[in-house]
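Heads up: the structure comes next, in structure tokens.
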Amino acid sequence: MFRAERIYSQSNPKTGTTEWFFSAREGNFGPFDSKERATKELRAFVGLCIKNGDDGGRGKKSTKLSLEPVRDFVFKRRE
């Protein structure tokens with residue numbers, strides 16, 4: 001097992017600016033204007049998952065994966 005970096009950046013080809021994202025099992029979230037903001041949003045996302053008891057189906061007590069939309073986060077897949 002290894003731990004992959006969840007926060008990454010990429011250059012927007014249209015504007016040339018650096019955009020920051022974080023990845024989770026649910027997908028890629030962003031863009032954010034800074035690495036600090038992406039880190040803050042990742043922590044908020046993890047906190048929301050903990051609050052909702054959503055462990056992604058990994059826990060022994062878990063019987064289902066919650067697939068309710070997270071309205072406070074922007075979702076964007078890599079193209």
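Model, not experiment: these values are computed from the prediction. Positions are given from 1 along the sequence.
Contact between Phe45 and Ala24 at its shortest, heavy atoms only, is CE2-CB, 3.7 Å. Residues Ala38 and Phe22 come closest through the heavy atom pair O-CD2, 3.8 Å.
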Exercise. Which is it for Glu41 and Arg37 under the salt bridge (charged side-chain N to carboxylate O under 4.0 Å, His left out) test, yes or no, and what are the steps along the way?
Worked result: CA-CA 6 Å; Glu41 294 298 331; Arg37 178 67 191 267; 2.9 Å; yes
For this session: Decide side-chain contact (heavy atoms from CB on, under 4.5 Å) for Lys40 and Phe32; before the verdict, give the C-alpha distance in whole Å, the side-chain angles of both, and the deciding distance to 0.1 Å.
Result: CA-CA 10 Å; Lys40 181 180 175 182; Phe32 302 103; over 6 Å; no
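Distance check, rounded to the nearest 0.5 Å: OG1 of Thr18 to CG of Asp33 gives 11.0 Å. If you take CD on Glu19 and OG on Ser9, they are separated by 10.0 Å, rounding to the nearest 0.5 Å.
Residues Pro31 and Trp20 fail the side-chain proximity criterion, which asks for heavy atoms closer than 4.5 Å.
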